[in-house]
Chemist: 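One structure follows; several queries about it will come next.
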Number of protein chains: 2
Amino acid sequence: MASRIKDSGERQGDSRSRILDAALREFSALGLAGARTDRIAERAGVNKALLYYYYGSKEKLYAAALELIATRIRDRSMAVLTSRATAGERLLRAALDHFDRILAQEDFQSLLQQEMMRLHRGEPGAMAVLVKNVFGPVQHMYESMVREGMETGELIEADWMQIHLSALGANVFYFLSAPVWRMVMSMDPLATEALAARRKALVEFLGQAVFRDRRRGAELAARVLADMPMPEVNRERLRMGRKDEREK
Amino acid sequence: MASRIKDSGERQGDSRSRILDAALREFSALGLAGARTDRIAERAGVNKALLYYYYGSKEKLYAAALELIATRIRDRSMAVLTSRATAGERLLRAALDHFDRILAQEDFQSLLQQEMMRLHRGEPGAMAVLVKNVFGPVQHMYESMVREGMETGELIEADWMQIHLSALGANVFYFLSAPVWRMVMSMDPLATEALAARRKALVEFLGQAVFRDRRRGAELAARVLADMPMPEVNRERLRMGRKDEREK
DNA sequence: CATAATTAACTAACCAGTTAGTAAATTACC
DNA sequence: GGTAATTTACTAACTGGTTAGTTAATTATG
């Protein structure tokens with residue numbers, strides 16, 4: 001495609017994908033209902049009718065954006081869960097990767113929250129794509145991983161679901177509540193040091209909690225931490241989504 | 001209408017408060033943006049203009065609803081935190097009360113989530129009322145409670161914030177993710193038995209984790225559990241907010 | 001009768017989706 | 001190989017439904 005890029009072909013990054021990209025940002029920031037098709041078109045640098053030409057409706061565009069990011073997340077998660085390491089090490093890596101993912105790339109987390117609220121509201125089809133493409137496969141793989149760890153004697157005998165729940169919950173709630181803590185306390189839970197501390201505590205806690213041999217847990221935790229440095233974060237991005245104080 | 005009921009005065013719970021009540025339900029289910037003023041008026045049994053007569057604007061009505069529920073929640077939380085019992089026991093009671101509150105009365109949780117997303121979006125004034133009226137005082141009281149427990153030697157030496165974070169996070173994430181788990185697995189985390197089990201595990205875990213004397217922790221956990229039976233829940237309410245399949 | 005409570009009817013803005021069209025590229029066909 | 005038919009990519013301008021908010025008139029009440 002790319003059509004008539006003859007010599008000065010700089011624009012034209014494929015309208016279709018530019019729309020999807022703009023939609024992803026708009027939807028993750030404002031949600032399905034809050035997103036404005038006009039704004040998506042504007043940010044993609046195309047006419048609004050083109051959204052409809054390619055994607056048919058606002059809802060379908062939303063679905064496309066969701067599917068795009070779902071694929072990305074699933075691939076990344078599955079890669080960690082199936083990497084070449086013992087089950088225990090993979091468990092620690094998965095927890096840390098989850099933390100880092102929320103930290104570096106909040107699109108998914110926002111979209112996920114939106115979908116959860118839609119599900120809670122009983123909107124039909126909510127979460128379906130995510131469950132099928134992400135949570136289903138990932139959870140299944142997580143279960144195998146924990147079972148394997150228990151069989152080899154590396155991990156304690158416990159309900160794999162409780163472990164998964166704790167590991168996810170700790171991360172999700174930390175980031176979810178961080179803006180509130182900052183308002184209540186003087187301390188900033190999203191400052192680099194606070195993040196590093198929390199990240200370390202997460203792995204060390206899991207190392208203590210789920211390994212049969214706690215010394216091995218501690219050792220692995222240290223190794224994994226050393227091996228997976230905390231990603232650089234676009235500082236501004238964490239602070240606040242946007243500060244549209246347009247009118248009023 | 002309905003107005004001129006003189007002797008058979010059963011309706012007429014004061015339009016003003018009926019509006020606020022309807023608004024609370026509408027806002028907690030759909031959020032500020034999703035709520036419809038027409039629907040609030042209809043459900044309150046008054047003309048829409050009356051909302052504006054009493055509350056001025058949609059936003060001010062939202063603020064009023066938020067303030068109403070904030071007061072309720074603060075009073076309940078503070079009552080538990082300042083009850084006559086040792087710090088450790090109050091800590092366990094507070095955790096259990098938090099669980100039960102989410103279980104029985106999800107208005108606040110929904111509203112809170114909405115506010116958190118508004119804060120995340122950087123909308124001015126988001127969370128302000130809740131922080132000032134609820135989280136500020138409650139967190140302050142929680143800190144004193146944990147400090148007291150550490151001073152008397154009942155609780156382990158630990159960062160009170162980490163304890164509070166864990167206690168809240170476990171509950172919030174459980175209910176937040178429950179609908180998704182139900183979609184992925186065959187098991188229902190909101191079934192009565194699952195809830196009871198989770199509730200028990202919560203207190204027992206805290207009993208083991210934060211008490212210096214674990215036997216005392218276990219004992220207190222058992223006592224608190226026996227003393228605070230799980231509330232009856234309107235079963236339908238948990239399932240799904242609404243199932244509007246109107247058109248289409 | 002004055003004022004507080006309440007309403008019916010209206011308006012202005014917004015926004016998802018449509019229409020009717022154009023210019024360029026691709027395919028069909030003699 | 002040249003041109004007519006068709007398709008692809010794209011736009012400006014409009015439409016119709018929805019919704020927050022208003023106004024002016026009406027009813028109750030102390």
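Just so it is clear: chains get the letters A, B, ... in the order the sequence lines come, proteins before strands, and each one is counted from 1.
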Chemist: Identify whether NZ of Lys or CZ of Arg in A:R16 sits under 6.0 Å from the centre of the six-membered ring of A:Y55 and within 45° of that ring's axis.
Modeler: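 Geometry flag: set, cation within 6.0 Å and 45°.
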Chemist: For A:S177, what residues pass the side chain to side chain donor-acceptor pair (under 3.5 Å) criterion, not counting sequence neighbours?
Modeler: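 Scan of A:S177 (side chain to side chain donor-acceptor pair (under 3.5 Å), adjacent residues dropped) gives A:W181.
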Chemist: To the nearest angstrom, how far is A:L32 atom CG from C:dC15 atom P?
Modeler: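 After rounding, the reported distance stands at 14 Å.
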Chemist: Residues two or more places apart in sequence or in another chain: which of them pass salt bridge (Lys or Arg N to Asp or Glu O under 4.0 Å) with B:R199?
Modeler: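 Counting only residues at least two positions away or on another chain, B:R199 forms a salt bridge (Lys or Arg N to Asp or Glu O under 4.0 Å) with B:D100.
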Chemist: Looking at DNA chain D, which of residues 49-61 of chain A put a heavy atom within less than 4.0 Å of it?
Modeler: A:A49, A:L50, A:Y53, A:Y54
Chemist: For B:A35, answer base if it contacts any base atom (sugar-phosphate contacts may also be present), sugar-phosphate if it contacts only those atoms, and nothing otherwise; contact means non-hydrogen atoms under 4.0 Å.
Modeler: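 Here B:A35 touches the backbone only, sparing every base.
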Chemist: In this structure, how many angstroms lie between the C1' atom of D:dT19 and the CD atom of B:E42, rounded?
Modeler: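 Rounded to whole Å, this separation is 14 Å.
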Chemist: In whole angstrom, what separates B:I40's CD1 from D:dT19's P?
Modeler: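 Result: 12 Å.
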Chemist: If you compare every side-chain N and O of A:N47 against the phosphate oxygens of D:dA12 (OP1, OP2), does one of them come in below 4.0 Å?
Modeler: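 Answer is yes, contact under 4.0 Å.
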Chemist: Please state whether the phosphate of D:dA20, meaning OP1 or OP2, lies under 4.0 angstrom from any side-chain nitrogen or oxygen of B:T37.
Modeler: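 Checking D:dA20 against B:T37, a side-chain N or O does come within under 4.0 Å of OP1 or OP2.
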Chemist: Sequence neighbours excluded, which residues qualify as side chain to side chain donor-acceptor pair (under 3.5 Å) partners of B:S166?
Modeler: none
Chemist: Which nucleotide wins on minimum distance to the side chain of A:K48, given the candidates C:dG17, D:dT19, C:dT7?
Modeler: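 Looking only at side-chain atoms, A:K48 lies closest to C:dG17.
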Chemist: Output yes when at least one side-chain N/O atom of A:R36 is less than 4.0 Å from OP1 or OP2 of C:dC14, else no.
Modeler: no
Chemist: Enumerate the salt bridge (Lys or Arg N to Asp or Glu O under 4.0 Å) contacts for residues 108-117 of chain B, please, sequence neighbours excluded, ordered by first and then second residue.
Modeler: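 Only B:E115-B:R118 qualify under salt bridge (Lys or Arg N to Asp or Glu O under 4.0 Å).
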Chemist: Could you tell me the separation between the CD1 atom of B:I19 and the C1' atom of C:dA5, rounded to a whole number of Å?
Modeler: 10 Å
Chemist: Could you list the residues that satisfy salt bridge (Lys or Arg N to Asp or Glu O under 4.0 Å) with B:R93, not counting sequence neighbours?
Modeler: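 Counting only residues at least two positions away or on another chain, B:R93 forms a salt bridge (Lys or Arg N to Asp or Glu O under 4.0 Å) with B:E89, B:D227.
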Chemist: Within 45 degrees of the axis of the six-membered ring of A:F108 and under 6.0 Å from its centre: does A:R76 put its NZ or CZ there?
Modeler: no
Chemist: Base, sugar-phosphate or nothing for A:A41? Non-hydrogen atoms, less than 4.0 Å.
Modeler: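 The residue A:A41 makes no contact with any strand.
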Chemist: Kindly say if B:S15 contacts the phosphate of C:dA5, meaning a side-chain N or O under 4.0 Å from OP1 or OP2.
Modeler: no
